[in-house]
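As the structure lists them, so they are numbered: ligands from 1, and atoms in each ligand from 1. Numbers for residues simply follow the sequence, beginning at 1. Predicted model, so just to flag it, every value in this text is computed and none were measured.
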Amino acid sequence: MQGRTAIVTGGSRGIGRAVCLELARRGVNLVIGYAGNCQAAEETRQACAALGVSALTLQGNVAEAETCEALTAAALSDFGRVDILVNNAGITRDNLLMRMGVEDFDAVIRTNLHGSFLMMKAVSRQMMKQRYGRIVNLSSVVGLSGNAGQVNYAASKAGVIGMTKSFAKEVASRGITVNAVAPGFIETDMTAKMTEAAAKAAAASIPAGRMGTPEDVAAAAVFFASSEAAYVTGQVLAVDGGMY
Ligand code: NAP
């Protein structure tokens with residue numbers, strides 16, 4: 001993977017940061033997208049640069065096409081290629097359906113599903129031209145199993161799976177693979193927001209007996225992003241300690 005270029009959305013923290021570091025360890029140059037946490041993004045950038053790769057950060061909302069085009073343009077102007085896209089930026093706005101506002105439903109769909117669509121659209125022309133690309137989308141076990149209090153999030157993550165499998169068929173003949181990772185319950189800021197009772201219940205449902213780490217997820221994402229995974233496309237890999 002030495003010398004390849006990756007765009008990682010939501011690379012400032014959590015799973016996205018772990019993916020950036022794993023890619024950097026393999027010599028991949030990085031464009032690190034983030035929403036607003038400049039300090040966290042800069043920490044990730046410095047940690048990647050310390051591993052000997054070139055890395056830059058770019059702030060913006062993945063739900064907006066301009067951000068997705070700017071991330072792609074940054075990769076092209078600095079590195080001349082886009083080999084890998086990791087669609088990792090994501091949010092939750094949990095509530096029971098009967099109490100969920102339309103704006104909370106829309107915000108989650110726009111960031112998690114629409115954002116991943118816009119990013120794939122933004123990089124696809126360049127990947128086609130290269131006849132090489134690795135797209136890794138972050139779904140969730142919740143997109144497979146459903147989860148009370150997360151109709152918006154589950155819909156977005158199930159949508160990501162449908163989109164992954166469909167786009168995989170569209171671009172397979174061009175040397176581009178499209179796969180999804182479906183994490184279970186991973187220790188990040190996202191899960192730190194859960195109530196103690198909900199976190200306890202979730203932890204009790206993990207056969208492996210522990211929450212996952214961002215590095216557990218990064219290992220799967222980096223496999224899909226590798227040249228060796230050339231004949232693997234349209235797949236969903238659960239990284240969930242046996243939960244689903
Ligand atoms: P996290 O710690 O909350 O980090 C979210 C990241 O996404 C941050 O880098 C954030 O940027 C960025 N982001 C959020 N909204 C954005 C937007 N509109 N535009 C651009 N960037 C945006 O999340 P995480 O737990 O690492 O989750 C990463 C991915 O894995 C998400 O897609 C999530 O749904 C999925 N996932 C997580 C778990 C879990 O248990 N944690 C389980 C299954 C799936 P800032 O730092 O600037 O805010």
- Message: Checking Arg125 now: which residues fulfil salt bridge (Lys or Arg N to Asp or Glu O under 4.0 Å) with it, not counting sequence neighbours?
- Response: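 Result, salt bridge (Lys or Arg N to Asp or Glu O under 4.0 Å) vs Arg125: none returned.
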List below, pair by pair, the N or O atoms of ligand 1 and of the protein that are less than 3.5 Å apart, including the distance to 0.1 Å; reply 'none' if no pair qualifies.
{"from": "ligand 1", "atom 1": "9 (O)", "to": "Gly10", "atom 2": "O", "distance (Å)": "3.1"}
{"from": "ligand 1", "atom 1": "9 (O)", "to": "Ser12", "atom 2": "OG", "distance (Å)": "2.6"}
{"from": "ligand 1", "atom 1": "11 (O)", "to": "Ser12", "atom 2": "OG", "distance (Å)": "3.4"}
{"from": "ligand 1", "atom 1": "11 (O)", "to": "Ala35", "atom 2": "N", "distance (Å)": "3.3"}
{"from": "ligand 1", "atom 1": "18 (N)", "to": "Asn61", "atom 2": "OD1", "distance (Å)": "2.8"}
{"from": "ligand 1", "atom 1": "19 (N)", "to": "Gly60", "atom 2": "O", "distance (Å)": "3.4"}
{"from": "ligand 1", "atom 1": "19 (N)", "to": "Val62", "atom 2": "N", "distance (Å)": "3.0"}
{"from": "ligand 1", "atom 1": "25 (O)", "to": "Thr188", "atom 2": "OG1", "distance (Å)": "2.5"}
{"from": "ligand 1", "atom 1": "26 (O)", "to": "Ile15", "atom 2": "N", "distance (Å)": "2.8"}
{"from": "ligand 1", "atom 1": "32 (O)", "to": "Asn88", "atom 2": "O", "distance (Å)": "2.8"}
{"from": "ligand 1", "atom 1": "32 (O)", "to": "Lys157", "atom 2": "NZ", "distance (Å)": "2.9"}
{"from": "ligand 1", "atom 1": "34 (O)", "to": "Tyr153", "atom 2": "OH", "distance (Å)": "2.5"}
{"from": "ligand 1", "atom 1": "34 (O)", "to": "Lys157", "atom 2": "NZ", "distance (Å)": "3.1"}
{"from": "ligand 1", "atom 1": "36 (N)", "to": "Tyr153", "atom 2": "OH", "distance (Å)": "3.4"}
{"from": "ligand 1", "atom 1": "40 (O)", "to": "Gly184", "atom 2": "O", "distance (Å)": "3.4"}
{"from": "ligand 1", "atom 1": "40 (O)", "to": "Ile186", "atom 2": "N", "distance (Å)": "2.8"}
{"from": "ligand 1", "atom 1": "40 (O)", "to": "Ile186", "atom 2": "O", "distance (Å)": "3.4"}
{"from": "ligand 1", "atom 1": "41 (N)", "to": "Ile186", "atom 2": "O", "distance (Å)": "3.4"}
{"from": "ligand 1", "atom 1": "41 (N)", "to": "Thr188", "atom 2": "OG1", "distance (Å)": "3.1"}
{"from": "ligand 1", "atom 1": "46 (O)", "to": "Ser12", "atom 2": "OG", "distance (Å)": "2.6"}
{"from": "ligand 1", "atom 1": "46 (O)", "to": "Arg13", "atom 2": "NE", "distance (Å)": "2.7"}
{"from": "ligand 1", "atom 1": "46 (O)", "to": "Arg13", "atom 2": "NH2", "distance (Å)": "3.3"}
{"from": "ligand 1", "atom 1": "47 (O)", "to": "Ala35", "atom 2": "N", "distance (Å)": "2.9"}
{"from": "ligand 1", "atom 1": "47 (O)", "to": "Gly36", "atom 2": "N", "distance (Å)": "2.7"}
{"from": "ligand 1", "atom 1": "47 (O)", "to": "Asn37", "atom 2": "N", "distance (Å)": "2.8"}
{"from": "ligand 1", "atom 1": "48 (O)", "to": "Arg13", "atom 2": "NH2", "distance (Å)": "2.9"}

- Message: Quick one, Asn179 with Gln235, criterion side chain to side chain donor-acceptor pair (under 3.5 Å). Give me CA distance, side-chain angles, the key distance, then yes/no.
- Response: CA-CA 5 Å; Asn179 292 289; Gln235 298 304 303; 5.5 Å; no
- Message: With a 4.0 Å cut-off on N to O distance, would you call Glu43 and Arg17 a salt bridge?
- Response: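 Judged by the 4.0 Å cut-off on N to carboxylate O distance, Glu43 and Arg17 do form a salt bridge.
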Would you give me the side-chain donor-acceptor pairs under 3.5 Å for residues 208-219, sequence neighbours excluded?
{"from": "Arg210", "atom 1": "NH1", "to": "Asp216", "atom 2": "OD2", "distance (Å)": "2.9"}
{"from": "Arg210", "atom 1": "NH2", "to": "Asp216", "atom 2": "OD2", "distance (Å)": "3.3"}
{"from": "Thr213", "atom 1": "OG1", "to": "Glu215", "atom 2": "N", "distance (Å)": "3.4"}
{"from": "Thr213", "atom 1": "OG1", "to": "Asp216", "atom 2": "N", "distance (Å)": "3.1"}
{"from": "Thr213", "atom 1": "OG1", "to": "Asp216", "atom 2": "OD2", "distance (Å)": "3.1"}
{"from": "Asp216", "atom 1": "OD2", "to": "Thr213", "atom 2": "N", "distance (Å)": "2.9"}

- Item | Where Leu138 and Val160 come nearest, the two heavy atoms and their spacing | O-CG1, 4.1 Å
Please list, one pair per line, the donor and acceptor atoms closer than 3.5 Å that link side chains of residues 75-84 to other protein atoms, with sequence neighbours excluded.
{"from": "Ser77", "atom 1": "OG", "to": "Ala73", "atom 2": "O", "distance (Å)": "3.3"}
{"from": "Ser77", "atom 1": "OG", "to": "Ala74", "atom 2": "O", "distance (Å)": "3.4"}
{"from": "Arg81", "atom 1": "NE", "to": "Asp83", "atom 2": "OD1", "distance (Å)": "2.8"}
{"from": "Arg81", "atom 1": "NE", "to": "Asp83", "atom 2": "OD2", "distance (Å)": "3.4"}
{"from": "Arg81", "atom 1": "NH2", "to": "Asp83", "atom 2": "OD1", "distance (Å)": "2.7"}
{"from": "Asp83", "atom 1": "OD1", "to": "Arg4", "atom 2": "NH1", "distance (Å)": "3.3"}
{"from": "Asp83", "atom 1": "OD2", "to": "Thr5", "atom 2": "N", "distance (Å)": "2.9"}

